[in-house]
Every structure is written in C-alpha cells, then in structure tokens.
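So the structure is just underneath, and the comments pick up after that.
All values reported here derive from a predicted model rather than from experimental measurement. Here, residue 1 is the first one in the sequence, and each next residue gets the next number.
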Amino acid sequence: LVNLNKWSDNLSAENTLKVIAAEKRGAPGTALSGISVVNEFLSFLGVDTSAYLMVDGSGVSHYNLISADTYVQFLSAIFNQRDIIDLFFASLPIGGIDGTLQNRMRGTAAEGKVRAKTGTISGVSSLSGYAKTEDGDVLAFSIMMQNFIGSSKRYRDAQDKIVDLLTRFRRRVIENL
C-alpha cells in the first residue's frame with residue numbers, strides 16, 4: 001500500500017486489486033472481482049457506488065469516471081475508520097517531504113501538512129487527500145483538472161497553491177479588523 005500510494009506505482013495498484021480479490025473471493029484474484037470487493041467496502045463506508053465507474057486498479061484508464069465529491073466522501077469516511085486510518089495516512093505522500101509530493105509544496109505553509117495522492121494521465125491531473133489547517137483541523141479535499149493538452153506542470157502548480165491556501169485556513173474570527 002505504501003509503494004502504491006507514496007510512489008504512485010501502477011503495477012502495485014493492479015496487483016493490490018487482484019490480491020484483495022483473491023483474499024475475499026478466492027484465487028485466482030481478478031480485476032473484476034477486486035472491483036466488486038472495492039465497491040462493497042465503499043458502500044459499507046457510505047459512498048454512493050453508483051456515482052463512479054472503476055475499470056482498473058491503477059486509474060490509468062480514461063474509462064474510470066469519478067467526481068471530486070466522491071473522493072471527498074471516501075476520504076471523510078475513511079478518516080473515521082480508527083482501525084485503518086493510521087495505516088492509510090502512513091501510506092500517503094507528505095507534501096514537500098516524500099513520495100510523489102517530495103518536490104512539491106516546499107517552502108509553503110502546506111509543506112509537511114498535506115498527505116495526498118496524485119493522479120496523472122494524459123490530459124488529467126488530480127490531487128486528493130488531507131490538509132491540516134492553521135487551527136489544527138483536518139480537511140479532506142480533491143482537486144481534479146482535465147481536458148488540457150501538454151504538460152501538467154501548470155495544473156500541479158495550481159493544485160499546490162490551492163492546498164497551500166487550505167493549510168492557511170483559520171476558523172477563528174479575528175476581532176477589530
């Protein structure tokens with residue numbers, strides 16, 4: 001799971017889906033039965049399984065369809081699963097520190113305060129995870145950008161700026177402004 005999330009390793013993702021299938025449905029584990037297991041788990045968490053389409057374990061297919069709202073539903077629900085949230089958190093890259101976010105968000109308020117998974121394929125760039133605010137609250141977020149041509153650098157930079165703003169968020173009212 002750490003290799004899958006921290007380094008966005010697609011082979012690990014596909015294999016994890018099949019291992020989950022084999023464990024829950026019996027060998028051999030297939031992508032189709034793995035997707036069925038994932039759907040059951042997400043349904044258990046309260047995520048609307050009719051609101052997305054999953055066709056592989058890695059997310060590299062353009063046939064995968066999901067909204068930012070569905071990701072936030074998942075992230076919010078998993079946050080409340082005390083038996084697995086620590087493992088899930090540990091598997092996510094930390095902004096400016098490691099994994100696919102090692103060179104992102106450095107020198108910003110988001111450095112060290114964001115744990116998030118990247119997603120990049122041709123014409124698509126996304127970042128979904130958690131940001132710790134100045135007040136110490138944890139926000140679930142999902143930023144999805146698509147239908148662009150060329151490099152995703154501009155879009156990753158915009159994502160980093162958005163996440164930086166999330167980490168600077170404060171609920172406290174400042175008096176006498």
Side-chain angles (χ1 to χ4, degrees), residues 1-17 20 38 41-42 45-47 52 54 57-60 64 66-146 148 150-175 177:
L1 190 60
V2 170
N3 197 46
L4 185 163
N5 282 338
K6 284 241 188 238
W7 299 106
S8 202
D9 184 74
N10 294 329
L11 181 59
S12 293
E14 295 297 339
N15 286 336
T16 299
L17 184 65
I20 289 169
V38 169
F41 178 68
L42 293 177
L45 291 178
V47 175
Y52 65 88
M54 181 179 177
S58 61
V60 298
N64 289 301
I66 192 164
S67 68
D69 182 57
T70 300
Y71 271 124
V72 170
Q73 284 179 29
F74 164 74
L75 292 166
S76 298
I78 204 83
F79 188 79
N80 294 316
Q81 299 297 311
R82 292 293 161 210
D83 56 331
I84 58 175
I85 189 58
D86 290 340
L87 174 63
F88 184 63
F89 255 44
S91 78
L92 293 172
I94 304 169
I97 306 293
D98 66 9
T100 55
L101 298 181
Q102 181 175 333
N103 296 317
R104 293 177 60 175
M105 300 167 220
R106 286 194 174 161
T108 71
E111 183 175 354
K113 294 181 183 174
V114 172
R115 290 181 180 259
K117 175 73 180 78
T118 59
T120 306
I121 57 176
S122 178
V124 178
S125 179
S126 62
L127 184 66
S128 301
Y130 303 96
K132 186 178 252 186
T133 69
E134 284 189 14
D135 292 332
D137 294 328
V138 178
L139 304 176
F141 69 89
S142 183
I143 306 164
M144 303 175 85
M145 301 167 164
Q146 64 182 24
F148 58 85
S151 171
S152 60
K153 183 177 179 352
R154 285 183 348 157
Y155 303 93
R156 287 190 314 267
D157 290 347
Q159 293 162 6
D160 292 354
K161 287 177 183 175
I162 293 167
V163 172
D164 182 53
L165 289 172
L166 291 175
T167 62
R168 293 173 189 266
F169 180 76
R170 298 178 72 188
R171 290 182 189 269
R172 288 180 250 156
V173 177
I174 300 172
E175 297 186 32
L177 280 183

Do the side chains of [Y] and [X] get nearer than 4.5 Å, heavy atoms only?
X      : Y      : result
Leu166 : Thr133 : no
Ile20  : Thr16  : yes
Leu1   : Leu87  : yes
Gln102 : Pro93  : no
Thr118 : Leu127 : yes
Leu42  : Met54  : no

List the atom of [X], the atom of [Y], and the distance in Å for their closest heavy-atom pair.
X      : Y      : value
Val72  : Phe141 : CG2-C, 3.9 Å
Leu75  : Ala140 : CB-CB, 3.9 Å
Lys117 : Ser8   : NZ-OG, 2.7 Å
Ser125 : Arg156 : OG-CG, 3.7 Å
Glu14  : Ser58  : OE2-OG, 2.7 Å
Leu4   : Ala13  : CD1-CA, 3.4 Å

Hey, could you give me the [atom1]/[atom2] distance between [X] and [Y], rounded to the nearest 0.5 Å?
X      : Y      : atom1 : atom2 : value
Asp9   : Thr100 : CG    : OG1   : 11.5 Å
Asn64  : Ile121 : CG    : CD1   : 7.5 Å
Asp160 : Leu101 : CG    : CG    : 7.5 Å
Met144 : Thr70  : CE    : OG1   : 8.5 Å
Ser128 : Ile66  : OG    : CD1   : 8.0 Å

Contacts of Thr167 that satisfy side-chain contact (heavy atoms from CB on, under 4.5 Å) - sequence neighbours left out: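 With sequence neighbours excluded, Thr167 shows a side-chain contact (heavy atoms from CB on, under 4.5 Å) to Ala109, Ala110, Lys113, Val114, Ala131, Asp164, given in chain and number order.
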task: Could you check whether the rings of Tyr155 and Phe148 sit parallel, tilted or perpendicular, using 30° and 60° as the cut-offs?
output: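 The rings of Tyr155 and Phe148 lie parallel, inter-plane angle below 30°.
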- request: Take the angle between the ring planes of Phe89 and Tyr130 and call it parallel below 30°, perpendicular above 60°, tilted in between.
  value: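 Geometry flag for Tyr130 against Phe89: tilted rings.
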- prompt: Quick one: are the ring centres of Phe74 and Tyr52 less than 6.0 Å apart?
  reply: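 No, too far apart.
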- prompt: Which salt bridge (Lys or Arg N to Asp or Glu O under 4.0 Å) pairs, counting each pair once, include a residue from residues 131-145, with sequence neighbours left out?
  reply: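 Every pair satisfying salt bridge (Lys or Arg N to Asp or Glu O under 4.0 Å) with a residue in residues 131-145: Glu134-Arg170, Asp135-Arg172, Asp137-Arg171.
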message: I'd like to know if the side chain of Gln73 pairs up with that of Asp69 as donor and acceptor (distance under 3.5 Å, no hydrogens or angles considered).
response: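 Checked: Gln73/Asp69 side chains pair up, N/O donor to acceptor below 3.5 Å.
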query: Do the charged groups of Asp157 and Lys153 touch, with an N to O distance under 4.0 Å?
result: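 Between Lys153 and Asp157 there is a salt bridge, with a charged N closer than 4.0 Å to a carboxylate O.
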- prompt: Any donor-acceptor pair under 3.5 Å linking the side chain of Lys6 with the backbone of Leu92?
  reply: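 Judged by distance alone, yes, a pair lies under 3.5 Å.
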field: Side-chain (Asn80) to main-chain (Ser76) donor-acceptor, under 3.5 angstrom
entry: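 Yes, because the side chain of Asn80 sits within donor-acceptor range (under 3.5 Å) of the backbone of Ser76.
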query: More than 12 foreign heavy atoms under 6.0 Å from CZ of Arg106: is that the case here?
result: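 Above 12, so yes.
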